Amino acid sequence: MTPPVRKRVALHEHSGGLGVADAVKRVLSEIEGLEIVDLDMPNVGYAITALRAVPDYRRKLVAEELKRAEEAGVTTLAGIYHSDHRELVGHESQWSFEIINFMELIGESMGIHREDDFKRLKAMQDVDAILADSSDLIETYGLNPEEVREVVLKDIIGDQSVPIDRREHAAILAGSD
């Protein structure tokens with residue numbers, strides 16, 4: 001972990017597995033140039049998915065965290081859990097910071113980069129564009145394009161508890177969502 005990573009990073013964290021967030025912070029604190037910013041968010045649930053039973057609260061937490069990250073001037077909002085990453089990456093185009101998984105910071109500190117294909121596809125927000133981009137994989141693996149379309153609509157485009165358009169966040173934060 002020798003190349004410096006000059007970023008102001010807020011962690012999207014939950015109480016989750018005991019000690020997981022603290023362990024991630026310890027590892028990230030060893031990366032030269034990386035500054036960890038505390039957004040002072042409530043630390044509830046195992047992950048975003050654990051808050052499905054309280055959808056209004058879940059939406060408010062995500063909208064509030066995105067707002068606080070921008071106000072704090074972070075360059076990066078880093079998730080710890082994959083399910084959280086699936087929710088958060090769709091928002092990246094609307095904000096002034098990148099949204100990544102914390103492992104990408106570790107990789108960057110080791111000179112390793114790999115494109116986040118899920119994030120790239122989610123950013124398209126267009127089922128036809130996603131299918132066209134994935135056509136070689138659909139053909140290689142003999143997948144049914146109509147079944148893939150259904151999965152993309154449900155699990156990539158439709159899997160978004162907070163609207164991507166940040167103009168809709170004010171209503172969520174005001175409690176009138």
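It should be emphasised that the depicted structure is a prediction, and the values quoted were computed from it without experimental measurement.
For the pair E64 and L39, the minimum side-chain heavy-atom distance is 4.5 Å or more. Between R68 and D40 there is a side-chain heavy-atom pair separated by less than 4.5 Å. L153 has its side chain within reach of R149: a pair of non-hydrogen atoms, C-beta onward, lies under 4.5 Å apart. For the pair D133/R120, a side-chain contact is recorded, criterion being any heavy-atom separation below 4.5 Å from C-beta on.
Atom CD of E139 has 12 or fewer heavy atoms from other residues, nucleotides or ligands within 6.0 Å. Within a 6.0 Å radius of NZ in K67, no more than 12 heavy atoms belonging to other residues, nucleotides or ligands are found.
No path of Ile, Leu, Val, Met, Phe, Trp and Tyr side chains, each step under 4.5 Å between heavy atoms, connects I172 with I164, placing them in separate hydrophobic clusters. Under the 4.5 Å side-chain heavy-atom criterion for ILVMFWY residues, a single connected hydrophobic cluster contains both M124 and V89. Both I31 and M110 belong to a single network of hydrophobic side chains, linked directly or stepwise wherever heavy atoms of I, L, V, M, F, W or Y lie under 4.5 Å apart. When hydrophobic clusters are built by joining Ile, Leu, Val, Met, Phe, Trp and Tyr residues whose side-chain heavy atoms come closer than 4.5 Å, directly or via intermediates, W95 is grouped together with L88. Connection of I112 to L105 is established within a shared hydrophobic cluster, with ILVMFWY side chains joined at heavy-atom distances below 4.5 Å, either directly or through further cluster members.
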Point to revise | Intermediate values then yes/no, side-chain contact (heavy atoms from CB on, under 4.5 Å), L11 and V37 | key: CA-CA 8 Å; L11 280 179; V37 177; over 6 Å; no
**Study point:** side-chain contact (heavy atoms from CB on, under 4.5 Å) assessment of Y81 paired with V20
**Key:** CA-CA 10 Å; Y81 297 103; V20 171; 3.5 Å; yes
**Study point:** Verdict with supporting geometry, K119 and I100, side-chain contact (heavy atoms from CB on, under 4.5 Å)
**Key:** CA-CA 9 Å; K119 179 166 105 173; I100 63 174; 3.8 Å; yes
**Study point:** Chi angles and distances behind the side-chain hydrogen bond (donor to acceptor under 3.5 Å, both in side chains) call for S161, E87
**Key:** CA-CA 7 Å; S161 68; E87 166 77 34; 3.0 Å; yes
Practice item. List the steps, then state whether side-chain contact (heavy atoms from CB on, under 4.5 Å) holds for E13 with K25. Key: CA-CA 10 Å; E13 56 184 296; K25 288 177 188 174; 3.2 Å; yes
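Every residue two or more places apart in sequence or in another chain that forms a side chain to side chain donor-acceptor pair (under 3.5 Å) with E35 is listed here: R8.
Nearest heavy atoms, S29 versus I36: N-CD1, 4.2 Å. Across all their heavy atoms, P163 and H169 have their closest contact at O-NE2, 2.8 Å. Minimum interatomic distance between V74 and F97 (heavy atoms only, all atoms of both residues): O-CB, 3.4 Å. In plain terms, the two heavy atoms of G111 and P3 that are nearest each other are N-CG, 4.0 Å. Nearest heavy atoms, D126 versus D128: OD1-N, 2.9 Å.
Atoms CD1 and CE, from I80 and M103 in turn, are 11.5 Å apart once rounded to the nearest 0.5 Å. If you take CG on D84 and CD on E65, they are separated by 8.5 Å, rounding to the nearest 0.5 Å. Between the CG atom in L137 and the CG atom in L143 there is a gap of 8.5 Å [rounded to 0.5 Å]. Separation of atoms CD (E32) and OG1 (T2) is listed at 9.0 Å; rounding is to 0.5 Å. Taken to the nearest 0.5 Å, the OG1 atom of T76 stands 7.5 Å off from the CG atom of L34. Taken to the nearest 0.5 Å, the CD atom of E168 stands 12.0 Å off from the CG atom of L173.
Salt bridge status for D159 with K154: absent, with no side-chain N to carboxylate O gap under 4.0 Å. A salt bridge does not link R26 with E30: every distance from a Lys NZ or Arg NE/NH1/NH2 to an Asp or Glu carboxylate oxygen is 4.0 Å or more. E104 and R114 are not joined by a salt bridge, as no carboxylate oxygen comes within less than 4.0 angstrom of a charged side-chain nitrogen. K7 has a carboxylate O that lies under 4.0 Å from a charged side-chain N of E108, or vice versa, which qualifies the two as a salt bridge. One finds a salt bridge joining E70 and R166 here, because a Lys/Arg side-chain nitrogen approaches an Asp/Glu carboxylate oxygen to under 4.0 Å.
The backbone N or O of I99 sits less than 3.5 Å from a side-chain atom of E92, completing a donor-acceptor pair. Under the 3.5 Å distance criterion, the side-chain polar atoms of K122 are matched with a main-chain donor or acceptor of I156. No side-chain donor-acceptor contact under 3.5 Å links S134 to the backbone of L131. No side-chain donor-acceptor contact under 3.5 Å links Q160 to the backbone of I157.
For H85 and N101, the side-chain atoms include no donor-acceptor pair closer than 3.5 Å.
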